[in-house]
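Here the structure is laid out as structure tokens; the discussion comes afterwards.
Heavy atoms only: backbone and side chains are in, while hydrogens, waters and symmetry mates are out. Atoms within a ligand are numbered from 1 in the order they appear, just like the ligands themselves. The first residue in the sequence is number 1, and the count goes up from there.
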Amino acid sequence: MAGVDSRPRRLRRTPGLRSLVRETHLDPSQLVLPMFVVPGEDRREPVATFPGVAHVSSDVAVAEARRASDAGVGGVLLFGLPEHKDAEGSAAWNDAAPVQTTTRAIRQALPEMTIITDVCLCQYTDHGHCGLVEPDGTIANDATLPLLARTAVSHARAGADMVAPSDMMDGRVRAIRAALDTEGFAERVGIMSYSTKFASAFYSPFRDAARSTPQRGDRRSYQMDPANGREALHESLLDAAEGADVLMVKPAGPYLDVIARLAERTTLPIAAYQVSGEHAALRFAAANGALDLRLATLESLLAIRRAGASFVMTYSAVDVAGWLA
Ligand code: PBG
């Protein structure tokens, strides 16, 4: 037929042909479920701005981790809300705090489960910043590093497979690696660094859930400017050089170009975080009839994988595993 040299539609004609040429696949094992753990027992308290997400006590977290594991989900990522906050965030490295307690409980109930723990101070500080705050409001970088390292060691002792620093202080991967090595975790605890983390408006539901909105100022002196793609690569490659085992881009959906460019430049695995605002946007749109939740969620995750992410943190992990089954 004149005028048509190539007919890509020939390979789209049947489900069998489409499946043969499909380039990207989504599997529950590539998804990690984030959870918010609180002190106490038998607690499951929903967060209004965050559909499908709740604060859970350790015992409930174990039950949810079991459900995730049974569904084939690749792992859990634990965030903790402490009983008390202070200027230093000292509950972060308390061996009896919710993340540590829950890590031990999941490790005991589900020895094979992959457990990743978030290392940051913002859930633990009364000012809500990810590092120590100086009298003039500056976020102190180097003075924060030992506190992050101490937190990571406490998580390692509880049984975490990987610690995930999300604070965006310079040099924290090297500081954490050195502390883990000194404390005997050189061979068994990895670092999944939030290596490229943007100062994003898409974290709001998380901050409601984690009660970690800064009391004053914002996070733009440590999280990255959404305008910067080259700096995004610089940030991630620095963390690789400092000893990170996995690099992460966060948020995911609005930053697929960053994932794709990073994938060309590193041989480390790349993770991506479909953050709370991305999750809530899909859920609220679907609840109002604007989107098909299943199709839109699967498409959003497939696109993140296609861009180059090996695995994805998503609050929809268990639902997605069910849809894929
Ligand atoms: C803590 C942290 C945040 C997220 C993960 N770790 C919030 C922030 O930086 O304000 C966001 C995750 C999400 O929105 O789902 N530093």
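- Y124 and N94 are not linked by any side-chain donor-acceptor pair at a separation below 3.5 angstrom, with hydrogens and angles left out of the test.
- Legend: residues meeting salt bridge (Lys or Arg N to Asp or Glu O under 4.0 Å) with R294, ordered by chain and number and at least two apart, are absent.
- With hydrogens and angles left out, the side-chain atoms of S154 and Q100 include a donor and acceptor closer than 3.5 Å.
- Defined by atom type and a distance below 3.5 Å, a donor-acceptor pair is present between the side-chain atoms of Q30 and R305.
- A salt bridge is absent between R44 and D59: the closest approach of a Lys/Arg side-chain nitrogen to an acidic carboxylate oxygen does not fall below 4.0 angstrom.
- Side-chain atoms of S193 and D239 include a donor-acceptor pair closer than 3.5 Å.
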Put together the list of close N/O pairs, under 3.5 Å, between ligand 1 and the protein, could you?
| from | atom 1 | to | atom 2 | distance (Å) |
| --- | --- | --- | --- | --- |
| ligand 1 | 6 (N) | S166 | OG | 3.4 |
| ligand 1 | 6 (N) | K250 | NZ | 3.3 |
| ligand 1 | 9 (O) | K197 | NZ | 2.7 |
| ligand 1 | 9 (O) | Q223 | NE2 | 2.8 |
| ligand 1 | 10 (O) | R207 | NE | 2.6 |
| ligand 1 | 10 (O) | R207 | NH2 | 2.8 |
| ligand 1 | 10 (O) | R219 | NE | 2.9 |
| ligand 1 | 10 (O) | R219 | NH2 | 3.3 |
| ligand 1 | 14 (O) | S276 | N | 3.2 |
| ligand 1 | 14 (O) | S276 | OG | 2.7 |
| ligand 1 | 15 (O) | S276 | N | 2.7 |
| ligand 1 | 15 (O) | Y315 | OH | 2.6 |
| ligand 1 | 16 (N) | S166 | OG | 3.2 |
| ligand 1 | 16 (N) | K197 | NZ | 2.9 |

